[in-house]
Amino acid sequence: MDFIKKETAKAVYSAISDIGYSDLFDINNITEMLEYPPNPENGDLAFPCFRLSKIMRKSPAAIAIDLASKIKICGTITRFETVGGYLNFFFDKNGFTKIMLSQILEKGEKYGSSDEGKGKTVVIDYSSPNVAKPFHIGHLGTTVIGHSIKKLHEFSGYKCVGINHLGDWGTQFGKLIVAYRKWGSKNVISEGGIDELVKLYVRFHTEAEKDPSLDDMARAEFTKLEHGDAENRNLWKWFIDISLTEYKKTYAQLGIEFDSYCGESFYYDKVPAVIDKMKKCGILTVDNGATLIDLEKYGMPPCLILKSDGSTLYAARDIAAALYRKKTYDFSKCIYVTDAGQSLHFKQWFKVISLMGYDFENQLFHVPYGKVSIGGAKLATRTGNVILLKDLFKTAIEKVEKITEEKNPGLENKEEVAEAVGVGAIVYNYLSGGRIKNIDFTIEDALSFEGNTGPYAQYTYARTCSIISKAKESGKYSLIHNKEFTVSADEEFQLLKTLALFPEKVKSALDGYEPSVITRYIFDTATAFNHFYHGCQVLNNEDNSVTATRIALTEATGNVLKSAFGLICMKAPKKI
Ligand code: ARG
């Protein structure tokens, strides 16, 4: 769509210059002001004159008329109209189709990508569960929003480093060690994995309520771990391994791989150097034995660095991690994806980075997302009000398997497809709304396959694949190489205009850290394609150029959907 927006902006700019306001705007401002009219009767692109009204001291409608008298149309615009305060431009359908469709097909999988981030590195810190605690629906947000943000950056030319900042350090390990020695068994844990660790953790809490001395024991075991006690370190490593094995199964279902699993423990021995630097900057205060940084001047509570027993705190490890990452990756952005409950934590320590004299506070970004509840109730590990991701995925996959058994029992790679569709349904559902909105999660909604859902989108993609293979079998596919594209139905033109928006949607999702832009776009594209498919005969037309255009549109839709799925962690099976 870029080229035609530029053409239109040029025409508008030259008209604005003709009426004497050339110094107020440039082509870029005007390009940004162009809008897509929701109703095609109002044209394909519109220039609203409202912002000009104040400067020119005239009504928007009068300005539109003035500009209209000066506009010289050219290129792919055939005509324009003034309606109220708008100038509405209409594309030359065939001209637009020839250029746009050839462009999309030529770029193939690269269509929508850009090199905006060339030479820049972005670090994305996401998922990052706390080891030995359940990996549940509350973690879905950071995992899929984080991965989507990574994919969006990669697609836009950035070099990306995805880091799983595992919560693998802290007093919970003291608790687990105590619980394991008291009630645990090696065999049970080796077989039962993370579920058994979670049981131990939960049991610890119940027992500690009756016997608070357990907490002291846990603290003592953690201190031993911090000091390198060999037995405790072995246990701790084992707990992490067990947890990671489990997480990695879930990540594989989502198609996620991390570039680094350096968790919190990796940084704890890097904290003393950070403390030295803080001391040199004179920003540390000791209060009741705890070491902190006062942030009252900035309207925030103090940032806690060390506990009174000298052990490192979450923020201290985050600061050490940021310095390490800056040195190691020389990032131009480091993005942290967590729920909005941690916003203050990030605001606080980002400020500390500046107070320490570093100049990259403005390269640190916290991307928050809304809280998840289940049927109106808060998630609570200890009361069991959680839905484990692996259980959720399992239920979804089983539902798909059942449907496949009824509708398409002969399907190849049934298991793989069921996983892609089941998991895709959940991801799509989660990423449908703006990320900051709180979500009340219900299994029924997440597993609904009707209307605006992942399976609907994947089914549409599979439909494009089946049409393309039929086109290839019948030998008609090669018609698209002549590039003789013509528009003969409105559905074709509407679909093409939707496909033309992909690069802009990628940019908007990237800039707003907002994967839901892509999810909504997938729905628009799938809907436009299905209108086209139901309204137009694709393969059997008398006129070869009509068939060529329709095959090309189908292929272009498939390309766009596949790329868009990739941007939101959804797989694209060719057959469903
Ligand atoms: N492990 C933390 C949690 O589960 C999230 C870590 C986010 N990343 C970070 N660098 N603080 O709440």
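All residue numbers refer to positions in the sequence shown, counting from 1. Note that ligands are numbered from 1 as they come in the structure, with each ligand's atoms numbered from 1 the same way.
Screening residues 266-277 for side chain to side chain donor-acceptor pair (under 3.5 Å) gives no qualifying pairs among residues at least two apart or on separate chains.
Between the side chain of Ser243 and the backbone N or O of Val131, no donor-acceptor pair lies under 3.5 Å. Although no hydrogens or angles enter the test, the distance criterion places a donor-acceptor pair under 3.5 Å between the side chain of Thr142 and the main chain of Ser127.
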Distance-only check: which donor-acceptor pairs under 3.5 Å involve side-chain atoms of residues 287-309, not counting sequence neighbours?
residue : atom : partner : partner atom : Å
Asp309  : OD1  : Ser311  : N            : 2.9
Asp309  : OD1  : Ser311  : OG           : 2.7

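Heavy atoms from other residues, nucleotides or ligands lying under 6.0 Å from NZ of Lys399 number more than 12.
Among residues two or more places apart in sequence or in another chain, the side-chain hydrogen bond (donor to acceptor under 3.5 Å, both in side chains) test is passed with Thr404 by none.
For ligand 1, the 4.0 Å heavy-atom shell takes in Asp125, Ser128, Asn130, His165, Tyr314, Asp318, Tyr336, Thr338, Gln342, Phe346, ordered by chain and residue number.
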